[in-house]
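Model, not experiment: these values are computed from the prediction.
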Amino acid sequence: MKTRNHILPRLIGVLLFTLAALISVPAAFAQTATAETDVVVVSPLSLVPVDDLNFGNLIPGLTGGTAVVSTNGVRTVTGSVVAAGGTISNAEFQGFGSRNRFVYITSSSGTYTLNRVGGGASMTMRSLTLQADNLTPTFLPGLFRIASTDVITLRIGATLDVGPSQQSGVYEATFPITMNYY
């Protein structure tokens, strides 16, 4: 009997210690986070912008000149204009139409005015150039046939006239591209 009395207090002590350890363990907390997702479903016979036309950073110089961004995104400068880094890219649009259909691609004007954000100055963009992937040129300028797939990629380059001692700042404009399907 004497042995049994020593085991019971020890057993009760172990149970109380275990119970105390379980009670002191911090509770697990569930965390919830959210994320956003976007998608644009493009209908047939459509055209959507992918990238903007960016001339990058330019230093105008005393006589001015031009900055040209080609359809493959390469910038060149003329006159006293100095290329000074920045983001350079051709504009890119993608469209969707049926194979062997014809598309006529136009822009509404030959020149566009870029206005300085905050006002006070402007520049002229002109001579838009077009490279069309998956479009075969026809006998008419601007008229193409959709070649091997239904997806069309248009890359646009242009020439920017930079004035002598052009006022510093950010210049912006928009230009439309229209595709008519036949």
Side-chain angles (χ1 to χ4, degrees), residues 38-61 63-117 119 121-164 166-167 169-182:
D38 293 317
V39 65
V40 175
V41 177
V42 179
S43 63
L45 307 179
S46 64
L47 182 67
V48 294
V50 175
D51 283 323
D52 293 328
L53 177 59
N54 290 304
F55 289 91
N57 300 330
L58 303 170
I59 301 170
T63 61
T66 64
V68 177
V69 173
S70 68
T71 56
N72 61 358
V74 175
R75 175 183 63 190
T76 57
V77 294
T78 65
S80 65
V81 176
V82 176
T87 301
I88 299 112
S89 64
N90 55 287
E92 185 174 309
F93 298 86
Q94 287 198 333
F96 183 80
S98 300
R99 188 176 314 164
N100 292 323
R101 296 272 311 260
F102 289 93
V103 294
Y104 185 65
I105 302 170
T106 58
S107 185
S108 64
S109 173
T111 63
Y112 301 90
T113 301
L114 281 75
N115 292 307
R116 183 177 174 272
V117 174
S122 63
M123 288 190 275
T124 300
M125 183 176 75
R126 59 182 170 81
S127 304
L128 269 64
T129 55
L130 169 73
Q131 175 190 346
D133 293 349
N134 196 36
L135 293 177
T136 305
T138 65
F139 60 93
L140 292 174
L143 184 64
F144 299 88
R145 183 179 61 78
I146 301 174
S148 60
T149 68
D150 298 331
V151 177
I152 301 162
T153 301
L154 302 177
R155 291 181 181 84
I156 311 290
T159 300
L160 180 66
D161 293 323
V162 181
Q166 182 79 43
Q167 185 176 359
V170 175
Y171 291 76
E172 296 178 332
T174 60
F175 62 95
I177 297 295
T178 303
M179 288 179 57
N180 292 304
Y181 290 87
Y182 300 98

Can you name the closest pair of heavy atoms from [X] and [Y] and give their distance?
| X | Y | result |
| --- | --- | --- |
| Ile146 | Ser98 | CD1-O, 3.3 Å |
| Ala121 | Gln167 | CB-OE1, 3.6 Å |
| Leu135 | Ala132 | CD1-CB, 3.5 Å |
| Met179 | Ile105 | CG-CG1, 3.9 Å |
| Val162 | Pro60 | CG1-CB, 3.8 Å |
| Leu128 | Ala158 | CD1-CB, 4.1 Å |

Reference residue Arg155; test side chain to side chain contact (heavy atoms under 4.5 Å, CB included); the match among Val50, Leu130, Asp133, Leu53 =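 Only one of Val50, Leu130, Asp133, Leu53 forms a side chain to side chain contact (heavy atoms under 4.5 Å, CB included) with Arg155, namely Asp133.
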Could you tell me whether the side chain of [X] and the main chain of [Y] form a donor-acceptor pair under 3.5 Å?
| X | Y | value |
| --- | --- | --- |
| Arg75 | Val68 | no |
| Ser80 | Gly64 | yes |
| Ser122 | Thr113 | no |
| Thr138 | Arg145 | no |
| Asp150 | Phe96 | no |

Indicate whether the side chain of Thr149 and that of Asn134 have a donor and an acceptor atom separated by less than 3.5 Å.
->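 Indeed, the side chains of Thr149 and Asn134 share at least one donor-acceptor pair under 3.5 Å.
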Full working for side-chain contact (heavy atoms from CB on, under 4.5 Å) between Asp52 and Thr87 = CA-CA 10 Å; Asp52 293 328; Thr87 301; over 6 Å; no
Gln166: what forms a side-chain hydrogen bond (donor to acceptor under 3.5 Å, both in side chains) with it, not counting sequence neighbours?
->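 Listed in chain order: Tyr171.
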Can you tell me how far the [atom1] atom of [X] sits from the [atom2] atom of [Y], to the nearest 0.5 Å?
| X | Y | atom1 | atom2 | value |
| --- | --- | --- | --- | --- |
| Asn180 | Thr106 | CG | OG1 | 6.0 Å |
| Ser70 | Ile88 | OG | CD1 | 11.0 Å |
| Phe55 | Leu114 | CZ | CG | 7.0 Å |
| Asp51 | Ile156 | CG | CD1 | 12.0 Å |

Note, [X] side chain near [Y] side chain (heavy atom, < 4.5 Å):
| X | Y | result |
| --- | --- | --- |
| Val81 | Leu160 | no |
| Val82 | Val77 | no |
| Pro164 | Thr63 | no |

Mark yes when over 12 heavy atoms from residues, nucleotides or ligands other than Tyr104 sit less than 6.0 Å from its OH; otherwise mark no.
->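 Result for OH/Tyr104: open.
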So Thr66 and Arg126, side-chain contact (heavy atoms from CB on, under 4.5 Å) or not? Walk me through it.
-> CA-CA 10 Å; Thr66 64; Arg126 59 182 170 81; 3.8 Å; yes
Do the rings of Phe93 and Phe175 sit parallel, tilted or perpendicular, given the 30° and 60° boundaries?
->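 Correct class here is perpendicular.
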Applying side chain to side chain donor-acceptor pair (under 3.5 Å), run through Thr71 and Asn90 and close with a yes or a no.
-> CA-CA 6 Å; Thr71 56; Asn90 55 287; over 6 Å; no
